[in-house]
Amino acid sequence: MVNLGNIWQNLLASQAPLQAMTGNATTMSGLATYTLPQLPYAYNALEPYISAQIMELHHSKHHQAYVTNLNNALQAHVAAITSNDIPAQIAQQPAIKFNGGGHINHSLFWKNLAPAESPETNYSEVAPSLAAEIENTWGSFDGFKKAFSAALMGIQGSGWGWLIKESTAGTENSRRLRIVTTKDQDPVVGSGEVPVFGVDMWEHAYYLQYLNGKAAYVENIWKVINWKTAEERFQGSRENAFAELKALL
Amino acid sequence: MSTSLFRATPVARSALRAASAVKPAATFVRGKATLPDLQYDYGALEPYISSKIMELHHSKHHQTYVNGLNSALTTIAEAESKGDFTKATSVAPVLNFHGGGHLNHTLFWENLAPASREGGGNPDGALGKAIATEFGSFESFVKQMNAALAGIQGSGWAWLAKDKAANGKLALITRANQDPVTGNLVPLLGIDAWEHAYYLQYENRKAEYFEAIWNVINWKTVAKRFEA
């Protein structure tokens with residue numbers, strides 16, 4: 001006989017990053033239901049660099065679809081667990097990773113953007129410790145920007161570029177920075193990786209405005225990076241990075 | 001639509017029609033890949049695929065793959081001439097991506113035709129029979145292909161292919177990004193599920209694009225590839 005309580009506990013523990021991000025997740029039969037987080041600014045707040053139309057579709061349609069499909073996949077997963085159907089459990093894993101990743105990535109992304117010219121976008125003012133480590137690693141902000149932009153432009157297909165802080169076991173105080181790219185909606189949830197900020201390189205993130213000119217999107221995204229959020233994530237732990245949204249929900 | 005959108009002159013188009021036939025017109029001039037002309041105008045697949053999408057998709061996206069492929073080939077040739085196999089090997093992912101992009105789009109353009117001409121309808125003959133036998137019915141095949149397209153996580157393609165290793169049996173497959181269909185699989189019909197293929201017209205409603213595209217599938221091309 002299966003102990004359902006334990007299984008649900010384990011399942012929920014394995015979803016810890018998601019749970020931390022969606023503090024208001026309602027519980028039904030022990031299964032959390034994730035909800036779309038509100039944007040911390042209006043759809044047109046990132047104009048002219050990201051159009052209101054892109055933001056509205058991206059948030060209300062694309063992100064919502066990841067949330068909806070994540071909830072569906074988790075429900076199917078729990079049903080497969082309760083019926084001891086291992087093939088069905090495994091069959092749900094790609095959908096959980098894809099849609100759960102989509103939910104995590106977009107939730108982090110919205111918060112690491114801010115209206116151009118707002119105080120949060122003033123890199124040297126609001127991100128002193130991150131700026132020091134960036135310059136330590138890439139020589140200068142321009143050197144970093146060049147390396148990060150090249151990584152974004154090198155993505156073949158859909159994916160994301162992230163600045164992460166490495167902090168593996170025993171090096172919790174590490175401040176080492178690294179640029180990584182991920183495919184599709186693979187999330188940055190490795191045990192030693194703290195996401196500092198991410199840039200969405202799916203075509204839906206820029207196509208309505210920039211068409212095939214993705215280099216212009218990559219150039220303009222720097223105008224709307226929320227360095228205040230990036231600094232907070234850089235100073236915090238992996239748990240903090242995923243928990244920070246909780247307070248805003 | 002402005003006439004500047006119409007890329008090929010009628011003369012060039014008829015020459016292309018005569019030359020195209022079975023093989024994808026992946027034209028290589030002196031070893032260089034070049035952008036093939038479309039056999040219809042950018043606006044010809046309206047209202048199912050907008051003129052704007054077709055123009056960008058062909059003249060910008062496909063052109064970028066052609067340029068990337070040529071650049072990768074040049075890098076490999078230079079590396080080879082210097083015996084720099086590390087350099088040559090490092091180009092493999094770029095070659096696969098841009099070479100795949102060129103092959104896939106070249107096949108794709110030939111898979112399409114205006115609804116007022118060869119586009120749409122049902123496949124007949126040997127191909128129609130094979131599809132009905134292997135997928136239950138044509139309608140069931142369309143359903144399965146649309147489900148495969150909808151299931152692509154990220155950018156990619158869905159293909160109806162012929163498996164040379166299995167007596168020419170049909171196979172429904174998907175490929176990530178621009179990975180081409182190679183080896184024992186012969187690509188017959190490909191549908192582009194990259195967002196740039198539909199987003200300007202269908203936005204996030206990609207299921208509508210997958211439904212609509214069947215109105216402009218050129219079954220003659222698919223049948224020729226099947227019988228080849």
Side-chain angles (χ1 to χ4, degrees), chain A residues 51 53-70 72-73 91-103 105-106 150 153-160 181-187 200-217, chain B residues 50-69 71-72 90-101 104-105 147 150-157 174-180 192-209:
Chain A
S51 74
Q53 190 191 10
I54 287 177
M55 289 302 293
E56 182 170 2
L57 283 164
H58 202 171
H59 176 257
S60 73
K61 302 292 184 185
H62 289 279
H63 191 168
Q64 181 64 61
Y66 295 120
V67 170
T68 304
N69 294 329
L70 171 63
N72 291 342
Q92 287 305 320
Q93 286 172 3
I96 293 172
K97 184 176 186 183
F98 181 68
N99 294 293
H103 180 42
N105 290 336
H106 286 90
M153 292 301 290
I155 293 172
Q156 297 181 338
S158 302
W160 293 73
T181 59
T182 53
K183 67 174 176 60
D184 305 327
Q185 293 298 353
D186 288 359
D200 190 347
M201 288 305 291
W202 280 60
E203 290 177 319
H204 67 233
Y206 62 83
Y207 207 83
L208 291 179
Q209 185 175 1
Y210 293 94
L211 307 173
N212 61 303
K214 69 175 169 182
Y217 163 70
Chain B
S50 77
S51 179
K52 178 118 191 253
I53 286 177
M54 289 302 295
E55 181 178 10
L56 283 162
H57 202 169
H58 177 256
S59 73
K60 303 293 183 183
H61 290 278
H62 192 166
Q63 183 67 61
T64 300
Y65 296 120
V66 168
N67 297 347
L69 169 58
S71 155
S90 74
V91 184
V94 181
L95 177 66
N96 182 68
F97 182 67
H98 288 103
N104 291 338
H105 285 90
I152 292 172
Q153 297 181 334
S155 301
W157 294 72
T174 59
R175 285 287 180 273
N177 302 324
Q178 295 296 353
D179 289 353
D192 190 345
W194 278 60
E195 291 177 319
H196 66 233
Y198 62 85
Y199 208 83
L200 290 180
Q201 186 175 359
Y202 296 93
E203 299 174 343
N204 61 301
R205 305 178 310 278
K206 63 180 175 179
E208 289 178 26
Y209 159 69

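Because the structure is a prediction, the values reported are computed rather than measured. Below, chain A is the first sequence line, B the second, and so on; all start at residue 1.
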Dump the intermediate steps for side chain to side chain contact (heavy atoms under 4.5 Å, CB included) on Tyr207(A) and Glu195(B), then the final yes or no.
CA-CA 8 Å; Tyr207(A) 207 83; Glu195(B) 291 177 319; over 6 Å; no
Whatever's closer than 4.5 Å to a heavy atom in chain A on Leu200(B) counts as both
Turns out that what part of His61(B) lies under 4.5 Å from chain A's heavy atoms comes down to side chain
By residue number, those in residues 209-216 of chain A with heavy atoms under 4.5 Å from heavy atoms of chain B are Leu211(A), Asn212(A)
Exercise for review: Could you check if a side-chain atom of Gln153(B) sits within less than 4.5 angstrom of a side-chain atom of Lys97(A), using non-hydrogen atoms only?
Suggested key: no
If one checks every heavy atom of Gln53(A) against chain B at 4.5 Å, the contacting part turns out to be side chain
Those residues at least two apart in sequence (or on a different chain) that pass side-chain contact (heavy atoms from CB on, under 4.5 Å) with Gln93(A) are Ile90(A)
The interface call for His62(A) against chain B, heavy-atom contacts under 4.5 Å, is side chain
Sequence neighbours excluded, the answer for ring-ring contact (aromatic ring centres under 6.0 Å, His included) partners of Tyr66(A) is Phe98(A), His106(A)
Value for NZ (Lys183(A)) from OG (Ser155(B)), rounded to nearest 0.5 Å, stands at 11.5 Å
CG of Asp184(A) to CG of Asn177(B), rounded to nearest 0.5 Å, is 6.5 Å
Sequence neighbours excluded, the answer for side-chain contact (heavy atoms from CB on, under 4.5 Å) partners of Gln92(A) is Ala73(A), Ala76(A), His77(A), Ala95(A), Ile96(A)
Asn204(B) and Lys61(A) have their tightest heavy-atom pair at ND2-CB, 3.3 Å
